[in-house]
Asks: 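Here's a structure for you.
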Amino acid sequence: MEQWIKTILEDFGAFGVGALMLIENVFPPIPSELVMPWAGYSVSQGNASFIVVVIAGSLGSFAGAWAWYWLARRIGKERLATWVDDHGAWLTISRDDIDRVDRWFENWGAAAVLGCRMIPGLRTLISVPAGFANMAPAKFSIYTAIGTVAWTALLAGIGLWLGKNYRDLAGPLSWVSSGVIALMFAIWVYRLVRQHRGQRQQPSHH
């Protein structure tokens, strides 16, 4: 996957950054923690503009956040939670995750939408309780945009700084990327297996 991310960034530039960040918000196993540092690294090599990759990454991420917000607002908590029980492991999402971010939102409101956009694992899901609560679209958009741009710029900035200060970074960065991907894939498989075991152990209703 790490090579795939690099190839997309090289072949499609800013459009590829936006597309990957959109996919990352819909399918969390693709981590922004890899996409944006690589984009920042490409900036350090003179292959892209920092402003452009941050804007592209933010737009893709924002669109993904809005997709979850709209979905939650449209179908409601019970229907979404039921779907997650059956299919959520494919997205590494469980009903417990939804309940957790729902409590966060109840406690912190709009601040949770802003803050969680910068927390791995909660970035995508915080859109869901905002949709359940019918948070005003303009308010949701403003807080999501601020958090998204801050997180995207931070990650791209790390990649840019590393690329400028360490010439031969591609090798070590590749190893780190591969390790992160392997860990996330292992977690994904674990959750998938656990979900299927749980479904088999549930008593059938006749």
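In what follows, every heavy atom counts, from backbone to side chain, and hydrogens, waters and symmetry copies are set aside.
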Asks: What are the two closest heavy atoms between Ala130 and Phe140, and how far apart are they?
Replies: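 For Ala130 and Phe140, the tightest heavy-atom pair comes out as CB-CD1, 3.8 Å.
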Asks: For a quick test of reading the model, state the closest non-hydrogen atom pair linking Val128 to Trp68 and the distance between them.
Replies: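 Residues Val128 and Trp68, closest heavy atoms: CG2-CE3, 3.8 Å.
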Asks: Are Met36 and Met21 side-chain neighbours, meaning at least one heavy-atom pair lies under 4.5 Å?
Replies: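 SC-SC contact between Met36 and Met21 confirmed.
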Asks: How long is the span from the OG atom in Ser42 to the CZ atom in Phe50, to the nearest 0.5 Å?
Replies: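 Ser42 atom OG to Phe50 atom CZ measures 11.0 Å (nearest 0.5 Å).
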Asks: Which atom pair, heavy atoms only, marks the closest approach of Val53 to Val43?
Replies: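 Here Val53 and Val43 meet closest at CG2-CG2, 3.9 Å.
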Asks: Would you mind reporting whether Leu160 and Tyr41 have side-chain heavy atoms less than 4.5 Å apart?
Replies: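 Contact flag for Tyr41/Leu160 side chains = no.
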Asks: Do other residues, nucleotides or ligands put more than 12 heavy atoms under 6.0 Å from Ile51 CD1?
Replies: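 Open: at most 12 neighbouring heavy atoms sit under 6.0 Å from CD1 of Ile51.
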Asks: In Å, rounded to the nearest 0.5 Å, how long is the span from CG of Leu59 to OG1 of Thr148?
Replies: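 Rounded to the nearest 0.5 Å, the CG-OG1 separation comes to 10.0 Å.
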Asks: Looking at every non-hydrogen atom in both residues, tell me the closest pair between Phe62 and Thr144 and how far apart they are.
Replies: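 In this case the closest contact between Phe62 and Thr144 is CD1-CG2, 3.8 Å.
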Asks: Check Val54 against Thr152 and note the closest heavy-atom contact, atom names and distance.
Replies: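 Looking at all heavy atoms of both residues, the shortest contact is O-CG2, 3.7 Å.
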Asks: Distance alone, cut at 3.5 Å: any donor-acceptor contact between the side chains of Ser141 and Trp66?
Replies: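 Yes, because at least one side-chain N or O of Ser141 sits under 3.5 Å from a partner of the opposite role on Trp66.
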Asks: Would Trp161 end up clustered with Val52 when hydrophobic side chains under 4.5 Å apart are linked, directly or stepwise?
Replies: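 No, because Trp161 and Val52 fall into different hydrophobic clusters, even though each may have its own neighbours under 4.5 Å.
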Asks: Taking the side chain from Tyr69 and the backbone from Phe132, do they hold a donor-acceptor pair closer than 3.5 Å?
Replies: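 A pair under 3.5 Å: no.
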Asks: Write down the atom of Arg117, the atom of Ser127, and the distance for their closest heavy-atom approach.
Replies: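 Looks like NH1-OG, 4.3 Å.
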